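Inspection log for the structure reproduced underneath, given as structure tokens.
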Amino acid sequence: MEVKTSLLDNMIGVGDMVLLEPLSEDSFLENLRKRFDHNEIYTYIGSVVISMNPYRSLPIYSPEKVEEYRNRNFYELSPHIYALADEAYRSLRDHDKDQCILITGESGAGKTEASKLVMSYVAAVCGKGQEVNKVKEQLLQSNPVLEAFGNAKTVRNDNSSRFGKYMDIEFDFKGDPLGGVISNYLLEKSRVVKQPRGERNFHIFYQLLSGASDDTLEKLKLDRDFSKYNYLSLDSAVVNGLDDATSFRTVKNAMQIVGFMENEVQSVLELVAAVLKLGNIEFKPESRCNGTDESRVKDKNDLKEMCELLGIEQAVLERAFSYRTVEAKLEKVSTTLNVAQAYYARDALAKNLYSRLFSWLVTRINESIKAQTKTRHKVMGVLDIYGFEIFEDNSFEQFIINYCNEKLQQIFIELTLREEQEEYVREGIEWTNIEYFNNAVICDLIENNQNGIMAMLDEECLRPGTVTDETFLDKLNTVCAEHQHFESRLSKNSKFLNDHSLPHSCFRIQHYAGKVLYGVEGFVDKNNDLLYRDLSQAMYKANHSLIKQLFPEGNPAKVNLKRPPTAGFQFKASVGILMRNLQTKNPNYIRCIKPNDKKAPHIFTESLVCHQVHYLGLMENVRVRRAGYAFRQAYEPCLERYKMLCKRTWPHWRGPARVGVEVLMADLQVPAEEFSYGRSKIFIRNPRTLFFLEERRRQCLQDLATLIQKIYRGWKSRTHFLLLKKSQIVVAAWYRRYAQQKKYQRIKSATTVVQSYTRGWQARKLLRELKHQKRCEEAVTTIAAYWHGTQVRREYRKFFRANAGKKIYNFTIQRIMQKYFLGLKRTLPSMSPIDKNWPARPYRFLDTAHTELRGIFHLWRCKKYRSQFTQEKKAVYEEKLEASEIFKDKKSLYPSSVSQPFKGDYLEISKNPKYQKLNSCVEETVLLADVVNKINRANGKGATRILLLTKKSVVLADQKSGQVKASVALPDLTSVSVSTQNDGFFALKLKEGSASAVKGDFLLSSEHLIETITKLHHIGSTASDDGEQLNIDISDEFLVQFKQDKVCVKFIQGAPKNGSSVSCKRKNNRLLEVSVPATA
Ligand SMILES: Nc1ncnc2c1ncn2[C@@H]1O[C@H](COP(=O)(O)OP(=O)(O)O)[C@@H](O)[C@H]1O
Ligand SMILES: [Mg+2]
């Protein structure tokens, strides 16, 4: 529980009397004085603020101070009227409780100032804004207007309120002011015509005369000099510290702000001026024949000016001051007025004019400041009523004022002393009763309907017969004699018979605040508050809208013969209403104390203060406070207010409220001595506990507010989103429709284009086909025409000369060819293949054919020739052909061999017996048998030998003996070498390593070389199994293997003269030179 304790810190004395130790009247006063001396004018008794009038301006009402006290708990800071105002305002705003600020105290104790401070504080802390500021301004500015018209300097107070004022300020739920309603209570109007010594008339008269411009004064027919006016007392026309001229401008400005129209202000000032003028009207007696005196206006100038001001017919008013018409039920009686009666009438008119003007002002201000809305308002009432007054001469007004203060004291007692104590008892809280003085008995003395002073006064006023103030006093003396608070010299109760302080024409009441001696003079008249009907009618007739409004009873059409209610009765009624009103609201007390009687700063008159402390019941207040509890609340609202502080009670508590509160308190761990449970309420002893609860609640509310905000924002966003979504769908639908429309139109136009193209294309295609068809038809016709033409021409061509040339040409060619072929037949050469003759060609163009034909003929002739051959002859020729293939153009010897037939067996070996033996040695058929020279390598000389050639071998045999010298199997023969020359030399080369090769190669020379070699080649090619040909080397130089040595055989061309034989010479070991004679 963290609470700032600045109330206790740096405190002068104690800030709260509840904390005073020891508590006694002396310590109480000492504390007050100590604080007062240190300019601490405010002190608390619990929540009640005691305010001492400092009689000087203190620097404790600055805007900074306002901020300091704003939204702070009551006990947080040092005592101040702002703390009370803040508490009341927050209680109104946050707890929705109507509030009233009750300011009590004697006249001059500072009530009006306090009320203004409260209002200015509330204005400073409540909401801002153009409209709110206007309302605030109007509410605040109503003060200077009412003060100008309703305040006056008295001996007690230079700015004493001479009317009671109760102002309800209305607020909306946010705590912003909406407007207000002012109720006024009985203006002390007697002051208009007469002021006690040392006092002044209402401020406005002085303000008007000092502050108005010359021009205005002239219009109002006024003079600046106060002394010219009977109604203005001279002795205190100028008050210290009051600047009437400035105040006048302030008032005019305030009236403008409050909303008075220019003409309204003017009318008001005219009425004020009229009152002053009225006071100057004087009367003189004029004797009449019947011996009575009749009053007459002395100097008619003032009357005239006043009538001009108010638009009244002078004669009417003049008559009203001289005569009085009394209307009974049926008749009207007119009586004359004597001078005294005329003065009475004049003053009555002045008082009525002024007090009605004042009431009108209040009504008019209310019209401006009333709240515009009709919703339920929260209300803060500020009561600033005239304080308790004891003057030297106290009259009806003081009686009324003091009665009112009695009633306020009653309220205080009721609510703070009696009611509180009774409540503790009722609620079953342990309590020892505290004694206090209850002033109900005084109230009863004044207001009792049967025998109260007011009832007596009314009775006297209404009683037929002679009624005077004395008869009234007599009545009191009889009726109230027994009352312990009533004192009178002639009362039946004779104990005051010798009390010389009590004059005969007076009675004394022991008020709660002291004894007051009231002189009865004027009680009846003032209570009657009579205004002669002639006067009110004269006023009603005035050509002045305001005056007319103020005197509605002057309307002859609404003559009311009933007596109007008396002033006392009216006041009692309105105070009754006020009290009932105050009881419905939460009271906040400011108890003002006057430190001295001199209106001076720094003076603390102990007896005076002691007296006030006493009668205000402050000591009892402290005692009750100390014993009691600072705060109480019924269980239901308490639970309702704080249930969010405990999980078990939030959001709903199902059981009884009291149990709920108990659970709550237990949960919050509030110490048990800090509170008590009553029957229907919880009582909290210390404000700090309450602050603790409030602080916790404030934090909790913030969280809850956040939650609500969260949900609300969510809801709002969702709604907004849904709306957007809905709108979006609509927009999208429209857009899609539009887009589809556009698309459709596009497709449609595209389709039309495509269609038109297609149709065009189809049409063109058709056209093309038709054209083609047409051309085809034309072509067919043309072709047919040409075809027919051709046919016809072909048919008839033979008949055309143009063909003759070609025909002649063909014919001629055919003839030539015929002649050529026939001629060729005749001149064909012989069938011999070697015949080279061929007839000459007759025509050059037949060149190719002629040559071709020659070739064909030759081939045919050869074929014919070949077909005659026998098998033997064919073989001969085949041999010849082979020889040609081997040697033609390679060996010079060849051509000479062509014509020689290949005989083969030149030795006729089978037949010749000589060779029989040899023949038998050879198994196979001899294919060639010839004589050859075997060249000796030693000298190149040859030795003859017989060469036999069979299918399988070559055999060399001695010519003479026929003995086989060498036999070479054909496969052992690798090659045969010959020269290119015209010689018969040849070498047989053997396979190295074969059996035949032991004696080396053979170098031979033959007459029939061509035939021998050809046959050898032929057999070689047929005999070999692997198809290997026998190589025939034709060259002029070759190597011959003789036994071991290789010898080169070289052929050279010899001279032809050298003989025709071939010679072979050995040149050296390795060379055999063969010289061959050149062929011619
Ligand atoms: N708080 C204050 N500060 C300064 N002066 C004050 C204060 N209260 C009262 N006064 C002085 O005392 C005078 C009388 O106060 P006022 O409020 O008119 O008394 P009341 O209304 O109780 O008769 C004021 O004119 C002012 O000069
Ligand atoms: Mg006052």
Side-chain angles (χ1 to χ4, degrees), residues 883 886-887 890-897 900 906-907 928-949 954-961 963-966 968 973-990 996-1017 1030-1080:
I886 296 167
F887 296 109
K890 291 176 188 165
K891 191 163 174 75
S892 317
L893 187 68
Y894 173 67
S896 61
S897 75
Q900 293 171 3
Y906 286 98
L907 303 180
L928 184 117
D930 199 5
V931 176
V932 289
N933 271 322
K934 183 184 175 277
I935 307 298
N936 190 352
R937 75 158 181 145
N939 54 9
K941 298 283 188 300
T944 49
R945 295 276 189 277
I946 295 171
L947 180 116
L948 295 181
L949 180 63
V954 179
V955 179
L956 282 176
D958 191 85
Q959 194 184 19
K960 288 169 185 161
S961 62
Q963 199 182 346
V964 174
K965 289 272 184 180
V968 178
L973 202 63
T974 57
S975 67
V976 180
S977 294
V978 293
S979 77
T980 61
Q981 312 272 344
N982 193 17
D983 62 275
F985 278 75
F986 68 98
L988 293 178
K989 296 190 176 177
L990 302 178
S996 320
V998 178
K999 290 178 181 172
D1001 297 343
F1002 298 98
L1003 183 59
L1004 306 171
S1005 163
S1006 166
E1007 295 280 303
H1008 305 101
L1009 175 92
I1010 297 298
E1011 188 183 352
T1012 309
I1013 299 300
T1014 303
K1015 279 200 163 119
L1016 197 62
H1017 179 260
L1030 180 69
N1031 278 341
I1032 310 289
D1033 287 335
I1034 303 174
S1035 100
D1036 282 344
E1037 238 181 69
F1038 51 81
L1039 289 172
V1040 179
Q1041 184 83 34
F1042 288 113
K1043 284 192 182 160
Q1044 280 89 21
D1045 304 327
K1046 266 189 182 162
V1047 175
C1048 178
V1049 183
K1050 192 174 181 180
F1051 295 83
I1052 54 165
Q1053 202 136 22
K1057 293 168 199 168
N1058 260 4
S1060 56
S1061 59
V1062 176
S1063 63
C1064 180
K1065 277 182 193 152
R1066 184 188 164 114
K1067 284 283 179 183
N1068 55 38
N1069 250 0
R1070 299 264 182 255
L1071 182 65
L1072 272 180
E1073 198 175 78
V1074 182
S1075 165
V1076 184
T1079 44

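This is a predicted model, so every value here is computed, not measured.
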Notebook entry, point to check: Does a donor on one side chain and an acceptor on the other come within less than 3.5 Å for Ser1075 and Lys1065?
Noted result: no

Margin query: I'd like to know if the side chain of Lys891 and the backbone of Gln981 have a donor-acceptor N/O pair within less than 3.5 Å.
Written below: yes

For the [atom1] atom of [X] and the [atom2] atom of [Y], what is their distance to the nearest 0.5 Å?
| X | Y | atom1 | atom2 | result |
| --- | --- | --- | --- | --- |
| Asp1033 | Ser975 | CG | OG | 5.0 Å |
| Leu1039 | Ser977 | CG | OG | 9.0 Å |
| Thr1014 | Ile1010 | OG1 | CD1 | 6.5 Å |
| Ile1032 | Ile886 | CD1 | CD1 | 5.5 Å |
| Lys1015 | Asp930 | NZ | CG | 10.0 Å |
| Ser979 | Lys1050 | OG | NZ | 13.5 Å |

[X] side chain near [Y] side chain, heavy-atom distance below 4.5 Å:
| X | Y | value |
| --- | --- | --- |
| Leu948 | Val954 | no |
| Ile946 | Leu907 | yes |
| Lys989 | Gln1041 | no |
| Asp958 | Arg945 | yes |

Notebook entry, point to check: Counting only heavy atoms not in Glu1007, do more than 12 sit closer than 6.0 Å to its CD atom?
Noted result: no

Note to self: Between Glu1011 and Leu928, is the side chain to side chain contact (heavy atoms under 4.5 Å, CB included) condition met? List the steps.
What the structure shows: CA-CA 9 Å; Glu1011 188 183 352; Leu928 184 117; 4.2 Å; yes

Margin query: Phe1051 vs Phe1038, test: ring pair (Phe, Tyr, Trp, His ring centres under 6.0 Å). Steps then yes/no.
Written below: CA-CA 9 Å; Phe1051 295 83; Phe1038 51 81; 5.6 Å; yes

Margin query: side chain to side chain contact (heavy atoms under 4.5 Å, CB included) for Leu973 and Leu1030? Distances and angles first, verdict last.
Written below: CA-CA 8 Å; Leu973 202 63; Leu1030 180 69; 4.1 Å; yes

Checklist line | Minimum heavy-atom distance Cys1064-Val1074, with the two atoms named | finding: SG-CG2, 3.9 Å

Item checked: Qualifying residues under side-chain contact (heavy atoms from CB on, under 4.5 Å), relative to Lys941, sequence neighbours excluded -> Asn939

Next item on the list: Would you please name every residue forming a side-chain contact (heavy atoms from CB on, under 4.5 Å) with Glu1073, sequence neighbours left out?
Entry: Ile1052, Lys1067

Next item on the list: Please name the residue in the list Ile935, Leu1004, Asn933 that meets the side-chain contact (heavy atoms from CB on, under 4.5 Å) test with Phe985.
Entry: Ile935

Next item on the list: With side chain to side chain donor-acceptor pair (under 3.5 Å) as the test, would you mind laying out the steps for Gln959 and Thr944 before giving the verdict?
Entry: CA-CA 6 Å; Gln959 194 184 19; Thr944 49; 3.1 Å; yes

Next item on the list: Show the numbers, then the answer: is there a side chain to side chain contact (heavy atoms under 4.5 Å, CB included) between Phe986 and Leu1003?
Entry: CA-CA 6 Å; Phe986 68 98; Leu1003 183 59; over 6 Å; no

Next item on the list: Dump the intermediate steps for side chain to side chain contact (heavy atoms under 4.5 Å, CB included) on Phe887 and Ile1013, then the final yes or no.
Entry: CA-CA 10 Å; Phe887 296 109; Ile1013 299 300; 3.3 Å; yes

